[in-house]
Amino acid sequence: MTQSRLTCKDAIDLLADYLETSLGPDLVAALERHLQDCRPCVAYLNTYKRTRTLAGQVGRVEMPEEMRRRLRQLLLDRLGAG
Amino acid sequence: MDPDLGLVTRLRAGDPVALEPLMDRYATRVYRVAYGITRSEADAEEVVQDVFHTLFRKAESFEGRSALGTWIYRVATNAALLRRRGKRHQVEVMLEDALPTFLEDGHRAGDRSYVLADWSDTPEEELLSRETRAVVSRALDALPDHYRAVLVLRDVEGLSSEEAAAALGESVASVKSRLHRARMALREVLTRHFRPVEGARS
C-alpha cells in the first residue's frame with residue numbers, strides 16, 4: 001500500500017488518520033494523488049468530514065438546568081451531612 | 001499537580017465554594033458523555049450523580065496518577081457503559097450493513113449516483129434541522145455501545161485517540177478502528193437520507 005497507486009478501499013481506510021494528520025508523508029502524497037483522480041473518493045471524504053462535525057454538533061447536548069439544580073442540591077446536602 | 005485536585009480536596013473537607021467550579025467544569029461534560037452513551041436522560045443523570053459521588057469517596061483512585069479530567073472521563077464512560085448492559089436491542093446488525101462495500105478491484109460498489117453523492121454542502125439549517133437531527137439520533141442509537149462511546153469521546157467531546165483510549169481502557173488502535181467504522185456507518189445513513197430521489201437522474 002505504500003506504493004503510489006491506492007485503491008478506493010485503501011484510500012477510505014486512510015481517511016481517519018489523514019484528517020488527524022497522523023499519516024506519513026508518503027501515504028499523504030499517495031492519498032492526495034488518488035483523490036485528484038477519483039471523484040467518488042472526494043465525495044466520500046467530504047461527506048465523511050461533514051459526518052464527523054455533524055455528529056459533534058448533534059451530540060453537544062447541555063445538561064438540563066433542572067437536573068443541574070438537583071445535582072447541586074444533592075451534593076450540597078452531602079457536604080452538609082459530611 | 002492538577003489544580004482541580006485542590007478543589008476536590010477542599011470539597012471533601014466540606015468547603016461548598018469548591019463545588020461550583022467543579023460542577024462548571026465537569027458536570028456538562030460528564031452529562032454529555034453519559035447521555036451520548038446511554039441515550040437516556042434519566043440514565044445520564046444517574047451517571048452524573050455516580051461520578052460526583054465517586055469524586056467524594058475515592059481519592060486514592062486518581063490522586064497523583066492522572067489529571068482529574070482523564071479520571072472523570074474514565075469513570076463516566078465506565079458507568080454509562082455499565083448502564084447499557086443488558087439493554088442492547090436488535091441493533092448491532094446495522095453496523096456491518098452500513099459499511100462501504102468494494103468490488104474486487106478496490107472500487108466502491110454501488111451505482112454511480114450513489115458513489116458520487118456528496119451532500120456535504122447541504123445548508124447548515126437543513127443539516128441541523130429537526131428531521132436531520134432525528135436521522136442522526138436514530139443512527140447513533142443503532143450503533144453498538146462501544147462504537148458510540150468512541151464517537152462521543154472523540155467527535156463530541158473532542159478527546160484525542162490517546163485520551164479516548166485511556167477513558168475506555170483500550171488500545172489506541174482499537175479506538176481508531178472503531179471510530180472510523182462508526183463514522184462510516186453514520187455517513188452511510190446520512191447519504192441514504194440525502195440521496196436524490198430514485199429516478200431523478202442528473
Side-chain angles (χ1 to χ4, degrees), chain A residues 1 3 5-23 30 34-35 37-82, chain B residues 11-12 14-16 19-20 22-23 27-28 30-32 35-36 41 44-45 48-49 52-53 56 100 102-103 105-108 110 112 115-122 127-128 132-133 136-137 139-140 151-152 154-158 160-161 176-177 179-180 182-184 186-187 190-191 194:
Chain A
M1 200 163 84
Q3 277 310 308
R5 295 210 72 78
L6 300 180
T7 66
C8 298
K9 184 175 189 312
D10 298 332
I12 288 172
D13 279 345
L14 295 175
L15 293 185
D17 284 336
Y18 179 62
L19 294 179
E20 245 180 87
T21 60
S22 62
L23 280 185
H34 180 90
L35 291 171
D37 297 329
C38 183
R39 284 175 56 213
C41 280
V42 170
Y44 201 96
L45 173 62
N46 290 343
T47 48
Y48 182 94
K49 275 158 73 173
R50 198 62 187 92
T51 298
R52 180 181 65 156
T53 51
L54 188 57
Q57 288 168 304
V58 172
R60 287 196 80 77
V61 292
E62 290 293 322
M63 186 180 212
E65 197 44 51
E66 201 191 314
M67 196 185 287
R68 181 182 295 273
R69 273 199 295 276
R70 275 200 299 272
L71 176 67
R72 179 181 293 113
Q73 197 51 54
L74 191 85
L75 296 172
L76 285 173
D77 289 350
R78 203 186 149 110
L79 275 178
Chain B
L11 190 68
R12 289 218 186 88
D15 178 0
L19 183 61
E20 286 305 314
L22 282 172
M23 278 193 59
T28 287
V30 171
Y31 177 75
R32 260 201 307 259
Y35 180 80
E41 280 193 13
E45 179 166 12
V48 178
Q49 288 178 7
F52 276 85
H53 277 146
F56 279 91
F102 297 92
L103 306 172
D105 64 4
H107 283 93
R108 251 163 80 217
R112 188 98 186 129
V115 298
L116 281 173
D118 186 350
W119 46 266
S120 62
D121 58 358
T122 305
L127 283 178
L128 293 176
T132 313
R133 281 175 184 273
V136 173
S137 213
L140 287 171
L151 193 85
V152 167
R154 289 291 325 271
D155 288 346
V156 179
E157 285 303 298
S160 67
S161 292
K176 284 183 164 188
S177 138
L179 176 66
H180 187 47
R183 286 174 178 164
M184 289 195 292
L186 269 190
R187 193 211 75 95
L190 285 162
T191 304
F194 286 117

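This one's a predicted model, so the numbers in the text were calculated from it and none came from an experiment. Per chain, numbering begins at 1; letters A, B, ... match sequence-line order.
- Side-chain atoms of B:D155 and B:L179, non-hydrogen and from C-beta on, do get closer than 4.5 Å to each other.
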With side-chain contact (heavy atoms from CB on, under 4.5 Å) as the test, would you mind laying out the steps for A:T51 and B:W119 before giving the verdict? CA-CA 10 Å; A:T51 298; B:W119 46 266; 3.5 Å; yes

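- Heavy atoms of A:R70 lying under 4.5 Å from chain B belong exclusively to its side chain.
- The structure places SG of A:C41 at 13.0 Å from OH of A:Y48, a figure rounded to the nearest 0.5 Å.
- With chain B as partner, the option from A:E62, A:M63, A:R68 having the largest number of non-hydrogen pairs under 4.5 angstrom is A:M63.
- Contacts between A:S22 and chain B at a heavy-atom distance below 4.5 Å involve the side chain alone, from C-beta outward.
- Ranked by heavy-atom pairs under 4.5 Å with chain B, the list A:T47, A:T7, A:N46, A:V58 is led by A:T47.
- Using a 4.5 Å cut-off between heavy atoms, B:E20 touches chain A through its side chain atoms alone.
- Using a 4.5 Å heavy-atom cutoff, the side chains of A:C8 and A:Y44 are not in contact.
- If you measure heavy-atom distances from A:L74 to chain B, the contacts under 4.5 Å come from the side chain alone.
- Residue with the most contacts toward chain B among A:C38, A:A11, A:A16, A:A43: A:A43 (heavy-atom pairs, distance under 4.5 Å).
- Heavy atoms from other residues, nucleotides or ligands lying under 6.0 Å from CD of A:E66 number 12 at most.
- Counting heavy-atom pairs closer than 4.5 Å to chain A, the top-ranked of the candidates B:T132, B:T122, B:L116 is B:L116.
- With a threshold of 4.5 angstrom between heavy atoms, B:V115 approaches chain A through its backbone and through its side chain.
- Proximity to chain A is limited to the side chain of B:L151, based on heavy atoms less than 4.5 angstrom apart.
- When the shell of 6.0 Å around CZ of B:R112 is examined, it contains 12 or fewer heavy atoms from other residues, nucleotides or ligands.
- Neither the backbone nor the side chain of B:D121 has a heavy atom closer than 4.5 Å to any heavy atom of chain A.
- With contacts defined as side-chain heavy-atom distances shorter than 4.5 Å, the pair B:E41/B:Y31 qualifies.
- The contact between B:L190 and chain A is made entirely by side chain atoms (from C-beta outward), counting heavy-atom distances below 4.5 Å.
- In terms of modelled atom types and a separation under 3.5 Å, the side chain of B:H180 and the main chain of A:I12 share a donor-acceptor contact.
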